[in-house]
Amino acid sequence: HSIADATALVLRGDGGAVVHTGDFKIDDDPTDGERFDEERLRAVGDEGVSLLLSDSTNSDSAGRSRGERVIEQSLGRLIGESRERVIVAVFASNVHRLRALAAIARRTERRILLLGRSVQTHVRVAGETGYLGIPADLLVSIDDAAMVPRRGLLVIATGSQAEPRAALSRLALDDHPRLRLDPGDTVILSSRAIPGNENNVMRMVGDLYRRGCVVHLPATEPTIHASGHAHRDEQRAMIDLVRPEAFVPVHGNRHHLERHAVLAREAKVARVLVIENGEIAELGGSELSHAGTTRVGKIAVDGSGELSATVLKDRALLGELGVVSTTAMVDERGRPTRPPTIATRGVLDEVARWEVLADVQREVHAALDAHPWTVERPADEDLREVIRLATRRALARHVGSKPIAIATVVRAGRTPEITGESAR
């Protein structure tokens, strides 16, 4: 992949060797000089491979993927042509591209500002582990960036996917606390939009244009980004090197998996099976087959262990609607003895808070006082329901939604009982 030192795995067991490629590509001219290890993979194939699992992400892309050397040349040209500040958005894990940008900055006499926690972390760790060495005199802090002439600054920023709080999104909205874009600045998105992010990315690009920036995208400058995933010719080369008896495509959506499966059949792999997350494949003897399913997906945990679906639903509702807690002191007949106490979180802003709460207090008090109880001593559960409904009804008039309501009943000489109800 585009990370440094990506490796494949060879897993040996009683059923033979299994090769998992991970994400991969074949770059014949890598910028770090470490070439794709065809000899080792061919040797593994000579030993015999029972099963190959291989990256399918770019199974729709013909030919071979673009190399990083081409990207460095294109970025160097665009940065060299700019007479103003340049901002380059990258995937921070692509250390090879960070190294190329450092070399370009040196050649074009620009200082580098690392903008965003992710890129700062990757540069630090890559430096500590020997993968990247950016001289200290080439870097400039955010505090000193304002003193660098616009022509002399290269900003490497996070936010290529238009994440709301990432550096580039905030720059596009003029919402960054320490730096602002000026008309004529050049912004280069040296990345592709991850599927599903396209609308957000193009919205951010529109904001950059509105700020007067010159914007370069892979759609208009194809050679400013290279995928970290193999194209079809490289996928076929992997199959030919390993020569597996069986094949399972991995990574990508169902369409990508099916396309990669077709490629394996064209390469005369004897057994090919397409499975998706949660499906189990069993390899035994001359058979490769489905063997049931297993639980997969996101599992939410906290300090006490796995969180149930009910807890997650309540947390989502809390985030969406907020919560209100109402405590009412009543006598034995369920009539209020004093105004109820009300507290909210995530429901009201401070401007109208006290006026609204006073109205809610009045309505809860009135609901308890006027309720036509048919028994002399109504149950606490029934009292809590009256409190809860009155609270939510009153708040709905002011905020347009009904938050989660927690009701507490206090009777003289008794410990209060609390109940929480999900919004309905």
Side-chain angles (χ1 to χ4, degrees), residues 70-92 94 97-120 122-123 134-135 137-194 197-226:
V70 176
I71 310 307
E72 180 176 354
Q73 293 169 354
S74 293
L75 292 175
R77 172 178 56 81
L78 293 175
I79 294 170
E81 290 173 353
S82 176
R83 304 272 71 85
E84 305 292 345
R85 185 191 295 120
V86 177
I87 298 89
V88 181
V90 297
F91 292 120
N94 193 333
R97 201 160 301 171
L98 296 177
R99 184 190 304 112
L101 288 169
I104 292 168
R106 177 69 77 186
R107 290 199 305 269
T108 57
E109 299 181 340
R110 289 178 181 267
R111 304 284 297 281
I112 294 176
L113 169 63
L114 303 174
L115 201 60
R117 183 176 301 175
S118 178
V119 71
Q120 292 168 358
H122 277 86
V123 167
I134 300 180
D137 67 335
L138 204 59
L139 295 172
V140 62
S141 70
I142 187 69
D143 293 325
D144 296 333
M147 295 183 289
V148 177
R150 289 171 62 195
R151 171 64 181 82
L153 187 64
L154 171 61
V155 180
I156 303 177
T158 58
S160 64
Q161 300 306 302
E163 301 92 328
R165 302 309 298 168
L168 188 58
S169 291
R170 300 188 70 179
L171 288 173
L173 294 171
D174 198 21
D175 184 43
H176 197 282
R178 312 293 294 280
L179 187 71
R180 65 177 303 165
L181 297 176
D182 296 306
D185 287 347
T186 294
V187 178
I188 303 172
L189 269 64
S190 185
S191 59
R192 75 181 184 97
I194 294 173
N197 288 352
E198 295 91 348
N199 287 342
N200 291 335
V201 171
M202 293 313 296
R203 189 177 300 114
M204 178 182 70
V205 168
D207 291 330
L208 291 169
Y209 278 124
R210 292 182 190 100
R211 301 207 58 73
C213 296
V214 178
V215 184
H216 297 288
L217 311 172
T220 55
E221 294 276 353
T223 56
I224 61 175
H225 177 62

Any side-chain heavy atom of [X] sitting closer than 4.5 Å to one from [Y]?
X: Arg111; Y: Asp144; answer: no
X: Leu217; Y: Met202; answer: yes
X: Val201; Y: Leu189; answer: yes
X: Arg97; Y: Val88; answer: no
X: Phe91; Y: His225; answer: yes
X: Thr108; Y: Leu154; answer: no

Pairing residues for Arg151 by the side chain to side chain donor-acceptor pair (under 3.5 Å) criterion, not counting sequence neighbours: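 Counting only residues at least two positions away or on another chain, Arg151 forms no side chain to side chain donor-acceptor pair (under 3.5 Å).
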
Partner set under side chain to side chain donor-acceptor pair (under 3.5 Å) for Glu72, not counting sequence neighbours: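 Result, side chain to side chain donor-acceptor pair (under 3.5 Å) vs Glu72: none returned.
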
Could you tell me which residues satisfy salt bridge (Lys or Arg N to Asp or Glu O under 4.0 Å) with [X], sequence neighbours excluded, listed by chain and number?
X: Arg106; value: Asp137
X: Arg170; value: Asp175
X: Asp185; value: Arg85, Arg150
X: Arg180; value: Asp174

Output yes when a side-chain donor or acceptor of [X] lies under 3.5 Å from a complementary backbone atom of [Y], and no otherwise.
X: Gln161; Y: Arg192; answer: yes
X: Ser190; Y: Ile224; answer: yes
X: Ser169; Y: Ala166; answer: no

Candidates Ile156, Leu179, Leu139 - the one meeting side chain to side chain contact (heavy atoms under 4.5 Å, CB included) with Leu113: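 The single option meeting the side chain to side chain contact (heavy atoms under 4.5 Å, CB included) with Leu113 is Leu179.
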
Side chain to side chain contact (heavy atoms under 4.5 Å, CB included) partner of Val90, the single match among Leu101, Ile188, Thr158: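 With Val90 as partner, side chain to side chain contact (heavy atoms under 4.5 Å, CB included) holds for just one option, Leu101.
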
Return the minimal non-hydrogen interatomic distance between [X] and [Y], and the atom names on each side.
X: Ala102; Y: Leu138; result: O-CD2, 3.5 Å
X: Arg211; Y: Ala172; result: CD-O, 3.2 Å
X: Ala157; Y: Ala167; result: CB-CB, 4.4 Å

[atom1] of [X] to [atom2] of [Y]: how many Å apart, nearest 0.5 Å?
X: Arg110; Y: Ile79; atom1: CZ; atom2: CD1; value: 7.0 Å
X: Arg203; Y: Glu198; atom1: CZ; atom2: CD; value: 12.0 Å
X: Glu84; Y: Thr186; atom1: CD; atom2: OG1; value: 8.0 Å
X: Leu153; Y: Ile87; atom1: CG; atom2: CD1; value: 7.5 Å
X: Arg77; Y: Glu221; atom1: CZ; atom2: CD; value: 5.0 Å

Heavy-atom neighbours of Arg107 CZ exceed 12 at 6.0 Å: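 Correct, the count exceeds 12.
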
